[in-house]
Amino acid sequence: MSHNRRIAARSARILGVSAASAALALSAAGSALACSLADFSAAALCDGGKGVITVTDKDASGVPAVVTVYLENNGSDLRQVGEQTVIGTKGGAQVQFAEEWKPGAVYRVHVTATRGNKTFVNDDIPLLTAPAKACAAEQTAKPSPSTTQSATGKPSPSASTPSDTATPAPSDATATASGSAAAPAPGGNDISPAAQESNLAETGADSNTPVIAGIAAALVVVGGAAVFFGMRRRGAGNRH
């Protein structure tokens, strides 16, 4: 065999080994990404005091799957709870079915996952058994009667009922005594005319009258003198 043929044969063997390794790697990767029944799980939970059945799909390839839940009774389907479609994610996609499950109830969860003409899953996941304790219903606290009464602003029966120990009405004798006590004594607060005149005198209402009159007379004299001197000066001016 010539040197060139040996080199060609060696190159062909190397290419063959590389192609086989690549095929195995692709096959392993495809198997890892393929949708399988192990990607699905179910649980009976409580949501706000109500029962739900949650189905989780962790299929990283995202193959759409139809999930159907049945209530079982002695190994047979008693009724269908519901059916939903879920598209799985690596982190896990969930669908919920409202179901007031009873403690110890058994459910069958069937999964059908297909893409195009290929069916990846068409089987039941392991039977689901509900917990031994039912969901506790949320109870709304009701206000007490006293709280309701104070909130509405209505008086309580004890407040609206008149008391038996109310103070009796005053008798005639008491009214007469109080009336006589309230009446003012004769002449006790009356002001006599002499007192009124003395008050006016003390305020000085008449003491300023002479002063004002004197000032007015002085102003009249000054005004008359001014007029007189003015007329006299005018007459002297006319003579010149």
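With hydrophobic clusters built from ILVMFWY side chains whose heavy atoms lie under 4.5 angstrom apart, Val106 does not share a cluster with Tyr70.
No option in Val86, Val63, Val111, Val95 other than Val86 meets the side-chain contact (heavy atoms from CB on, under 4.5 Å) test with Asp57. When Leu127, Val69, Leu78 are each tested for a side-chain contact (heavy atoms from CB on, under 4.5 Å) with Tyr107, only one passes: Val69.
Taking 4.5 Å as the limit, some side-chain heavy atom of Phe97 sits within range of a side-chain heavy atom of Gln84. Counting heavy atoms from C-beta outward, Cys46 and Trp101 have side chains that approach closer than 4.5 Å. Between Val67 and Val109 there is a side-chain heavy-atom pair separated by less than 4.5 Å.
The other members of the hydrophobic cluster of Val52, by chain and number, are Leu45 (side-chain heavy atoms under 4.5 Å, ILVMFWY only).
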Kindly indicate, with the supporting measurements, whether the criterion side-chain contact (heavy atoms from CB on, under 4.5 Å) is fulfilled by Phe120 and Ser61. CA-CA 11 Å; Phe120 293 90; Ser61 63; over 6 Å; no
Using the rule given for side-chain contact (heavy atoms from CB on, under 4.5 Å), can you reason through Leu37 versus Ile125, listing the C-alpha separation, both sets of side-chain angles and the distance that settles it, and then say yes or no? CA-CA 7 Å; Leu37 188 64; Ile125 66 176; 3.5 Å; yes
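Thr56 and Gln94 share a side-chain donor-acceptor pair at under 3.5 Å.
In this structure, the separation between CZ on Arg115 and SG on Cys35 is 8.5 Å, given to the nearest 0.5 Å.
A distance-only check finds no donor-acceptor pair linking the side chain of Asp59 to the backbone of Gly88 [under 3.5 Å].
Pairs passing the side-chain hydrogen bond (donor to acceptor under 3.5 Å, both in side chains) check and including a residue from residues 119-131, sequence neighbours excluded, read Arg108-Asp124, His110-Asn122, His110-Asp124, Thr112-Asn122. Here salt bridge (Lys or Arg N to Asp or Glu O under 4.0 Å) pairs that include residues 80-103, with residues two or more places apart or in two chains, are Arg79-Glu99.
Contact detail for Gly49 and Cys135: the closest heavy-atom pair is O-CB, 3.6 Å. Heavy atoms only, all atoms of each residue included: Ile87 and Gly62 are closest at CG2-O, 3.5 Å.
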